[in-house]
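One structure is given below, encoded as structure tokens.
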Amino acid sequence: MKYWLMKSEPEAFSIDDLKRKRTEAWDGVRNYQARNFMRDSMRPGDQVFFYHSNCAEPGIVGIAEVASAAYPDPSQFDAKSKYFDPTSKREEPRWMLVDVKFVKKLKRTITLDELKGHETLDEMLLLRKGNRLSVMPVAATEWRYILTLE
DNA sequence: GCCAACGTTGGC
DNA sequence: GCCAACGTTGGC
């Protein structure tokens with residue numbers, strides 16, 4: 001089993017939204033590296049840190065689980081969607097996604113600022129300068145360590 | 001709202 | 001294949 005971190009802007013889709021809906025198709029990823037992680041490496045049952053980005057208190061707010069294999073992101077074919085990609089063909093979809101299932105909310109937000117203060121997490125992808133990936137792997141050691149911070 | 005740090009696009 | 005221009009992400 002692998003571990004991941006997925007970012008979402010809480011104004012667009014928050015951990016509370018996921019809790020209410022139980023499962024969500026993680027659509028709208030339009031970055032090749034992030035897509036490749038979902039398409040090639042994610043498996044049902046993998047665990048996910050749910051991260052709130054671009055907000056007052058960025059940080060890890062909950063845990064989710066990969067709930068499907070990768071399949072084509074339907075929004076790429078929807079002309080009314082802001083994720084519409086006119087260059088993607090149905091016979092050869094460019095963008096893939098997975099379903100993500102709610103597991104739990106953390107008792108508190110483990111903030112980005114706090115994560116930066118732990119030497120153990122120095123190598124964490126999330127904390128690398130300039131990293132803007134919305135889907136990224138988390139090392140098992142990092143996963144376990146972060147859970148002890150809750 | 002600002003802007004650094006990207007990734008993508010397209011002219012050449 | 002280079003690289004300038006442009007668009008996006010996301011912390012602050």
Side-chain angles (χ1 to χ4, degrees), chain A residues 2-21 23-42 46-66 70-139 141-143 145-150:
Chain A
K2 292 197 180 69
Y3 300 100
W4 305 95
L5 183 144
M6 296 170 94
K7 295 178 182 174
S8 184
E9 301 190 11
E11 282 195 21
F13 190 78
S14 71
I15 186 71
D16 291 320
D17 293 326
L18 183 64
K19 183 177 184 181
R20 189 172 59 249
K21 296 187 68 178
T23 299
E24 179 77 356
W26 204 264
D27 65 0
V29 171
R30 295 294 179 268
N31 170 282
Y32 288 106
Q33 225 182 326
R35 177 206 67 183
N36 292 348
F37 284 135
M38 290 198 288
R39 186 190 62 188
D40 305 332
S41 305
M42 279 191 178
D46 283 0
Q47 300 294 108
V48 178
F49 280 140
F50 195 107
Y51 179 94
H52 280 173
S53 66
N54 207 5
C55 56
E57 195 179 47
I60 297 167
V61 293
I63 293 175
E65 185 177 311
V66 176
Y71 61 96
D73 180 343
S75 68
Q76 69 195 303
F77 305 121
D78 178 2
K80 290 194 283 292
S81 168
K82 65 172 171 171
Y83 301 125
F84 179 56
D85 182 350
T87 66
S88 181
K89 299 196 250 355
R90 282 187 185 276
E91 320 83 72
E92 205 182 332
R94 174 169 301 159
W95 305 111
M96 306 289 279
L97 56 70
V98 297
D99 291 342
V100 168
K101 183 172 71 179
F102 178 80
V103 174
K104 69 168 190 170
K105 245 179 112 165
L106 297 187
K107 296 187 202 79
R108 65 180 189 88
T109 300
I110 300 174
T111 65
L112 175 64
D113 194 49
E114 180 182 352
L115 293 172
K116 285 176 179 168
H118 291 270
E119 213 174 320
T120 315
L121 303 175
D122 276 356
E123 298 299 310
M124 201 181 173
L125 212 48
L126 177 72
L127 305 180
R128 297 257 177 92
K129 189 181 175 189
N131 172 44
R132 296 178 313 167
L133 272 178
S134 63
V135 176
M136 71 187 87
V138 173
T141 49
E142 294 162 352
W143 178 275
Y145 183 77
I146 289 167
L147 286 181
T148 68
L149 303 178
E150 184 188 5

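So you know, we letter chains A, B, ... as the sequences are listed, proteins then strands, and number each from 1.
- Under the 30°/60° scheme for interplanar angles, the aromatic rings of A:Trp143 and A:Phe49 are found to lie parallel.
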Produce a footprint string for nucleotides 7-12 of chain C: one letter per nucleotide, 5' end first; B if the base is under 4.0 Å from any protein heavy atom, S if only the sugar-phosphate is, - if neither. BBBBBS
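- In this structure, A:Glu142 contributes its side chain and A:Ala139 its backbone to a donor-acceptor pair below 3.5 Å.
- Looking at residues two or more places apart in sequence or on another chain, you find a side chain to side chain contact (heavy atoms under 4.5 Å, CB included) between A:Thr111 and A:Glu57, A:Thr109, A:Asp113, A:Glu114.
- With sequence neighbours excluded, the residues forming a side chain to side chain donor-acceptor pair (under 3.5 Å) with A:Arg39 are A:Asn36, listed by chain and number.
- Heavy-atom distances under 4.0 Å link DNA chain C to no residue of residues 74-82 of chain A.
- Counting only distance, with no hydrogens or angles, the side chain of A:His118 and the backbone of A:Ile146 share no donor-acceptor pair below 3.5 Å.
- With sequence neighbours excluded, no residue forms a salt bridge (Lys or Arg N to Asp or Glu O under 4.0 Å) with A:Lys116.
- Looking only at distances, a side-chain donor or acceptor of A:Lys7 sits under 3.5 Å from a matching main-chain atom of A:Leu133.
- Applying the side chain to side chain contact (heavy atoms under 4.5 Å, CB included) rule to A:Pro72 yields the partners A:Gln76, A:Pro93, A:Met96; only residues at least two apart in sequence or on another chain are considered.
- The residue among A:Tyr32 and A:Gly130 whose nearest nucleotide of DNA chain B is located toward the 5' end is A:Gly130.
- Side-chain nitrogen and oxygen atoms of A:Lys129 include at least one within less than 4.0 Å of the OP1 or OP2 phosphate oxygen of B:dA5.
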